[in-house]
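Below is one structure, written out as structure tokens, with a few remarks after it.
Source: prediction; values computed, not measured.
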Amino acid sequence: MLLIVASDPLRPRHPDAHFAPEARAAREAGVEVAVVDHDALARGDDVSRAVSRVTAEGVAVYRGWMLRSEQYAVFADALARRGVSLRTSGEQYRRAHELPGWYPDLVELTPRSAWTVGTERAEFDRARRALGGGAAVLRDFTKSMKHHWHEAAFIPDLDDGDAAWRVASRFLDLRGEDLVGGLVLRRFERFTTAEVRTWWVDGACVLVGAHPDSPHDTPPEAFDAGPVSGSVAALGLPFVTVDLALRADGVWRIVELGDGQVSDRPSTIDPAALVDVLRRGSRPPKLPVLPSTSARLAGRA
């Protein structure tokens with residue numbers, strides 16, 4: 001396996017500081033590491049130059065900042081011309097990275113959702129009516145603005161169209177050119193734990209840990225990814241993360257699914273553990289889950 005990481009913008013021959021621990025762990029495990037210019041890929045600059053420091057051939061895994069699905073596809077094509085095959089294809093990346101790609105297959109395990117094509121008020125109202133009344137959480141195809149909860153994420157009542165649109169308008173202002181796809185409305189569900197981030201390779205859950213937003217809120221001892229494992233495996237995606245939280249009625253719910261290449265690793269997961277499961281595929285057993293240090297109200301699907 002070849003590990004490809006985003007480079008440091010100021011030292012382009014070196015891994016970005018955020019991914020340097022994983023690059024170091026990979027080298028210590030005998031895995032070759034190469035860097036790519038993420039910023040150039042995101043800008044759509046000379047892609048051949050952006051990947052010019054990838055000199056090895058073979059199957060690769062990317063660990064870096066998010067790319068839009070179309071940018072990732074161009075990235076994958078540029079690597080292919082250099083004899084490098086990303087383990088996750090462009091089509092697989094889109095299915096994992098964008099909510100409409102995975103939602104239909106996990107609809108029973110995740111909050112009910114509706115989304116728009118575009119950002120016009122009429123489209124938003126159509127999605128709002130399709131979801132029905134009650135509270136909802138707003139996001140786009142890849143990201144919410146949960147750190148701006150009351151102004152740009154949480155909608156107390158979908159029946160109040162004007163108030164809901166004010167939240168959507170603020171969301172659009174904050175996301176700006178970073179908006180991906182359309183507006184997504186997700187039925188609000190009240191959770192009683194912090195999110196648990198699970199890591200899946202070839203359809204098997206290989207790591208369980210905290211979510212990067214709450215790295216010290218380790219999962220409860222009783223946590224079990226088994227109830228969602230069949231559905232996640234059926235997606236046929238090579239490397240994903242699945243974030244789950246315990247709903248008030250005692251049911252674990254999928255809050256988010258993402259491509260594992262661009263999912264952040266919480267500081268409480270050893271980079272060597274992540275490298276190991278990537279290097280060895282789905283063969284290793286799931287690592288033990290540490291006892292929970294706290295259980296705080298999440299309540300933000």
Side-chain angles (χ1 to χ4, degrees), residues 1-9 15-23 25-26 33-44 47 50-51 54 59-79 84-103 139-147 175 177-181 184 195 197-202 206-207 209-213 215 232 235-243 254-267 269 271 273-275 277-279:
M1 184 192 84
L2 169 67
L3 182 68
I4 298 175
V5 300
S7 64
D8 186 323
D16 186 286
H18 194 77
F19 303 100
E22 294 174 25
V33 177
V35 296
V36 294
D37 186 340
H38 167 271
D39 292 347
L41 292 171
R43 289 192 305 265
V47 177
V51 301
V54 181
V59 177
V61 174
Y62 171 65
R63 284 289 294 155
W65 305 111
M66 284 186 181
L67 291 165
R68 290 177 178 269
S69 297
E70 59 271 21
Q71 294 166 347
Y72 182 89
V74 172
F75 172 42
D77 287 345
L79 289 175
V84 176
S85 174
L86 283 168
R87 188 181 297 178
T88 299
S89 70
E91 184 273 335
Q92 289 170 330
Y93 180 85
R94 182 182 292 275
R95 285 180 58 214
H97 188 53
E98 299 181 6
L99 181 141
W102 56 262
Y103 174 81
R139 51 169 290 170
D140 66 15
F141 284 9
T142 66
K143 188 175 177 62
S144 73
M145 297 299 292
K146 61 184 178 182
H147 300 299
R175 285 293 276 153
E177 294 182 355
D178 292 329
L179 181 83
V180 177
V184 178
E195 291 178 33
R197 173 153 290 183
T198 59
W199 301 76
W200 302 69
V201 175
D202 299 329
V206 293
L207 276 176
H211 189 277
D213 289 346
V232 175
L235 293 172
L237 298 172
F239 180 33
V240 298
T241 55
V242 181
D243 299 335
I254 293 177
V255 179
E256 180 72 273
L257 185 142
D259 184 79
Q261 299 176 109
V262 296
S263 294
D264 200 9
R265 175 184 56 83
S267 58
I269 284 187
L274 179 57
V275 169
V277 297
L278 288 174
R279 181 170 59 91

Point-to-point distance, once rounded to the nearest 0.5 Å, from CD of Glu195 to CG of Asp213:
7.0 Å
For Leu41 and Val36, the nearest pair of non-hydrogen atoms, with its separation, is CD1-CG2, 4.3 Å
Between atom CZ of Phe239 and atom CG of Asp259, what is the distance when rounded to the nearest 0.5 Å?
7.5 Å
Could you measure the distance from the CZ atom of Arg94 to the OG1 atom of Thr142? Nearest 0.5 Å is fine.
11.5 Å
Is any side-chain heavy atom of Arg87 less than 4.5 Å from a side-chain heavy atom of Met1?
yes
Any chance you could measure Ser69, atom OG, to Arg95, atom CZ, to the nearest 0.5 Å?
12.0 Å
Which atom pair, heavy atoms only, marks the closest approach of Pro15 to Ala20?
CB-CA, 4.1 Å
Which pair of heavy atoms, one from Glu22 and one from Val275, lies closest together, and at what distance?
O-CG2, 3.6 Å
Answer yes or no: is there an ion pair linking Glu256 with Arg197, defined by an N-O contact shorter than 4.0 Å?
no
Which of parallel (below 30°), tilted (30 to 60°) and perpendicular (above 60°) describes Tyr93 and Tyr72?
parallel
Quick check: do Leu86 and Gln261 have side-chain heavy atoms less than 4.5 Å from each other?
yes
Heavy-atom closest pair, residues Asp37 and Ser7
CA-OG, 3.7 Å
Heavy-atom side-chain contact between Ser85 and Leu79 under 4.5 Å:
no
Please give me the minimum heavy-atom distance between Ala26 and Val33, naming the atom from each residue.
CB-CG2, 3.7 Å
Test log, rule side-chain contact (heavy atoms from CB on, under 4.5 Å), inputs Val5 and Asp16
CA-CA 8 Å; Val5 300; Asp16 186 286; over 6 Å; no
Which heavy atom of Trp65 sits nearest to which heavy atom of Val262, and what is that distance?
O-CG1, 3.5 Å
Donor-acceptor pair, side chain of Arg265 and main chain of Ser267, under 3.5 angstrom
no
Check whether Gln92 reaches the backbone of Ser89 with its side chain - one donor and one acceptor, N or O, closer than 3.5 Å.
yes
Side-chain heavy-atom pair Thr198, Asp243 within 4.5 angstrom cut-off
no
Rounded to the nearest 0.5 Å, the CE atom of Met66 sits from the NZ atom of Lys143 at a distance of 6.0 Å
Could you tell me whether the side chain of Leu274 reaches within less than 4.5 Å of the side chain of Leu207, counting heavy atoms only?
yes
Once rounded to the nearest 0.5 Å, what's the spacing between atom NE2 of His97 and atom OG1 of Thr88?
12.5 Å
Quick one: does any side-chain atom of Arg63 pair with a main-chain N or O of Gly260 as donor and acceptor, under 3.5 Å?
yes
Can you tell which of Val277, Leu237, Leu235, Val240 makes a side-chain contact (heavy atoms from CB on, under 4.5 Å) with Trp200?
Val240
side-chain contact (heavy atoms from CB on, under 4.5 Å), that's the test. Do Ile4 and Val35 meet it? Break it down for me.
CA-CA 6 Å; Ile4 298 175; Val35 296; over 6 Å; no
Do Arg68 and Val180 touch side chain to side chain, with heavy atoms closer than 4.5 Å?
yes
Test log, rule side-chain hydrogen bond (donor to acceptor under 3.5 Å, both in side chains), inputs Asp264 and His18
CA-CA 9 Å; Asp264 200 9; His18 194 77; 2.8 Å; yes
Ignoring hydrogens and angles, tell me if any N or O in the side chain of Ser263 forms a donor-acceptor pair with the backbone of Thr241 under 3.5 Å.
no
